[in-house]
Amino acid sequence: MTQLLLLLVALLVLGHAPPGRSEFKRCWKGQGACRTYCTRQETYMHLCPDASLCCLSYALKPPPVPKPEYE
């Protein structure tokens, strides 16, 4: 009986956990995540509508536009 009660409690606790990545709003065409702070492997491009940072992985950051050289 106690094992059944323990199983029931475990299932209820696991059922209320939020799914993996849905806790962050997406930005930058679905490539970034709106967060308060970016991780070390990320940089921010702009602000999200709720004034949080749109964090992008360094691998996804668009390359800078080359400046024209004048002679």
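Contact check for Leu47 versus Leu53: side-chain heavy atoms found under the 4.5 Å cut-off. With a 4.5 Å cut-off on side-chain heavy atoms, Lys25 and Asp50 count as touching. Contact annotation: the side chain of Cys55 approaches that of Arg35 to within less than 4.5 Å [non-hydrogen atoms, C-beta and beyond].
Checked by atom type and distance alone, the side chain of Gln31 never pairs as donor or acceptor with a backbone atom of Trp28 at under 3.5 Å.
Note that CE of Met45 is 10.0 Å distant from SG of Cys27, once rounded to the nearest 0.5 Å. Atom-to-atom distance recorded for Leu56:CG and Gln41:CD is 13.5 Å, nearest 0.5 angstrom.
For the residue pair Cys38 and Tyr44, the shortest heavy atom distance occurs at SG-CB, 3.9 Å. The shortest non-hydrogen separation linking Cys34 to Arg26 is SG-O, 4.3 Å. Contact detail for Cys54 and Gly32: the closest heavy-atom pair is SG-CA, 4.5 Å.
Every residue two or more places apart in sequence or in another chain was checked for a side-chain hydrogen bond (donor to acceptor under 3.5 Å, both in side chains) with Thr2, and none qualifies.
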